[in-house]
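For reference, the structure discussed in these notes is given below.
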Amino acid sequence: MINPVWLRSFCTLVELGHFTRTAERLYMTQSGVSQHVRKLEEQLDAQLLLREGKQFSLTHAGRQLYQEGQEILLSLAKLEQGIKQDPPFAGLVRLMSPGSVGLKLYGELLDLQSAHPQLSLDYRFASNAGVETAIAALETDIGLMTRQPNLEEVEAQLIAKEPLLLVTPASKMPLTWTALQALGFINHPDGAHHAKLLLGANYPEFEQGEQLPSKGFSNQIGLILEPVSRGLGFTVLPAYAVEAFAHQGLISAHALEVEVSEPIYLCRRRQSVQPKRVDSVVGAIKELLN
């Protein structure tokens, strides 16, 4: 591999056409410049310069090295500049989260991107397990989870809590156990888990989700409340998913007497060093959730 220091000395010499000026430009001695050129010729096994006293001309190999070497040095300079700059609002940030918190954050983070056009967001919705696996595999920069990670490679920081809500059709109805059983449950991928947390804390009669008659199922976070809005059943959902539903006048959300919340953990790869743009997005997320 060509030594970039030697290459810089050679290209600067060709550009300036004079050993003394090259040495001054690079803060070297003339002998040091000559030594770098000799080392390049030895490494490439090719003569680069035709020396004529204090003057010189380029051989064919010298012209080729100068032309292509300039491009290499320019690329190295751009790489160094890009790493040193590390702008806080430019570049790609990859993040993942479960659906409810994603509904809360995605539009707000798009506002951040609109304010900083050089920022690019890759936001994907996934289950807790999917988020955790992606972080461990370095497929995402940060992730949000509603439980502590199990994988050793993933570290977590509690940053917020999201209330669970009982959601019924907008028509007035008693929130008794008998009334809920009569209405029936609209299930979703986390439905049994959410029902156990909220209903188990508020209804002595609740033992397991199977006690509730099933009136439907949806795995699309934005559509779970559609059947509820049509009076077909009730469900239990995190607050951000409820807030994002377009037809608020057709549903009623209830926190119940014993309030229950899910934790929200900010997760990332353990011992990872992340660019400033990721820290900027993390700061925005913390503000939005608090």
Side-chain angles (χ1 to χ4, degrees), residues 82-83 85-149 151 153-165 167 188-190 193-194 218-226 237-248 251 253 261-290:
I83 291 175
Q85 284 183 345
D86 190 14
F89 292 102
L92 175 66
V93 177
R94 305 169 299 165
L95 60 159
M96 298 176 70
S97 77
S100 180
V101 69
L103 291 175
K104 167 71 174 177
L105 292 176
Y106 186 53
E108 301 279 3
L109 291 179
L110 289 182
D111 290 341
L112 180 69
Q113 183 174 350
S114 296
H116 303 280
Q118 291 184 319
L119 183 67
S120 176
L121 297 176
D122 182 335
Y123 199 125
R124 309 202 178 196
F125 288 27
S127 64
N128 283 320
V131 172
E132 183 175 10
T133 300
I135 293 172
L138 299 176
E139 294 172 355
T140 188
D141 300 310
I142 53 175
L144 297 166
M145 297 173 58
T146 58
R147 62 162 173 79
Q148 285 274 14
L151 298 177
E153 302 95 321
V154 181
E155 63 180 12
Q157 176 190 8
L158 179 65
I159 60 169
K161 292 185 178 181
E162 183 178 11
L164 293 178
L165 301 175
V167 189
H188 54 87
D190 291 321
H193 173 63
H194 290 159
S218 176
N219 66 348
Q220 295 296 318
I221 188 69
L223 297 178
I224 295 170
L225 291 177
E226 191 64 33
L237 272 179
Y240 298 142
V242 179
E243 292 171 5
F245 187 61
H247 307 294
Q248 291 291 315
I251 61 172
S261 296
E262 275 195 317
I264 298 178
Y265 294 98
L266 176 71
C267 302
R268 49 180 116 202
R269 191 70 152 73
R270 195 177 298 278
Q271 296 181 338
S272 62
V273 178
Q274 295 177 320
K276 290 180 181 178
R277 62 183 179 270
V278 175
D279 292 335
S280 297
V281 171
V282 167
I285 288 173
K286 290 181 176 179
E287 286 189 16
L288 291 168
L289 296 182
N290 289 287

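The shown structure was predicted, so the numbers you read here are calculated from the model rather than taken from an experiment.
Heavy-atom minimum distance, Tyr240 versus Val101: CD1-CA, 4.0 Å. Of all heavy-atom pairs between Met96 and Gly130, the closest is CE-O, 4.2 Å. The two residues Glu243 and Gln248 come nearest to each other via the heavy atoms O-NE2, 3.6 Å. The shortest non-hydrogen separation linking Asp86 to Pro275 is OD1-CB, 3.4 Å. For the pair Arg269 and Ala136, the tightest heavy-atom approach, listed with the atom from each and the gap, is NE-O, 2.9 Å. The shortest heavy-atom contact between Pro238 and Glu262 is CG-OE1, 4.1 Å.
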Between Glu132 and Arg147, does a salt bridge (Lys or Arg N to Asp or Glu O under 4.0 Å) hold up when you go through it step by step?
CA-CA 10 Å; Glu132 183 175 10; Arg147 62 162 173 79; 3.1 Å; yes
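Contact of the Gln274 side chain with the Ile142 side chain is registered, since non-hydrogen atoms from C-beta on lie closer than 4.5 Å. The shortest distance between side-chain heavy atoms of Glu153 and Ile135 does not fall below 4.5 Å. The side-chain heavy atoms of Val282 and Ile285, taken from C-beta on, include no pair separated by under 4.5 Å. Contact annotation: the side chain of Asp190 never approaches that of Leu237 to less than 4.5 Å [non-hydrogen atoms, C-beta and beyond]. Counting only heavy atoms from C-beta outward, the side chains of Gln118 and Gln113 never approach each other to under 4.5 Å. Side chains of Val281 and Leu121 form a contact here, defined as non-hydrogen atoms less than 4.5 Å apart. Side-chain contact between Val131 and Leu144 is absent, with no heavy-atom pair separated by less than 4.5 Å. Looking only at side-chain heavy atoms (C-beta outward), Leu288 and Leu105 come within less than 4.5 Å of each other.
Contact check on Asp141 versus Arg94 returns a salt bridge, with a Lys/Arg side-chain nitrogen under 4.0 Å from an Asp/Glu carboxylate oxygen.
With a 6.0 Å radius and a threshold of 12 heavy atoms from other residues, nucleotides or ligands, Phe89 has its CZ atom above the threshold.
Evaluation of the side-chain hydrogen bond (donor to acceptor under 3.5 Å, both in side chains) rule for Ser97 yields Tyr123 as partners, not counting sequence neighbours. Evaluation of the side-chain hydrogen bond (donor to acceptor under 3.5 Å, both in side chains) rule for Arg277 yields no partner, not counting sequence neighbours. Ala160 meets the side-chain contact (heavy atoms from CB on, under 4.5 Å) test with Ile264, Leu289, Asn290; sequence neighbours excluded.
To the nearest 0.5 angstrom, Tyr265 atom OH is 14.0 Å from Glu155 atom CD. Atom SG of Cys267 sits about 12.5 Å away from atom CG of Leu95, to the nearest 0.5 Å. Atom CD1 in Ile221 sits 8.5 Å away from atom CZ in Phe125 (nearest 0.5 Å). With rounding to the nearest 0.5 Å, the separation of NE2 in His193 from OG1 in Thr146 is 6.0 Å. For the atom pair OG (Ser218) and CG (Leu223), the distance works out to 5.0 Å, reported to the nearest 0.5 Å.
No hydrogens or angles considered: nothing links the side chains of Glu226 and His247 as a donor-acceptor pair under 3.5 Å.
Under the 3.5 Å distance criterion, the side-chain polar atoms of Asn128 are left unmatched by any main-chain donor or acceptor of Met145.
Just one of Ser261, Ser100, Pro98 meets the side-chain contact (heavy atoms from CB on, under 4.5 Å) condition when paired with Glu162; it is Ser100.
Ring orientation note: the planes of His188 and His194 are tilted relative to one another, at an angle of 30° to 60°.
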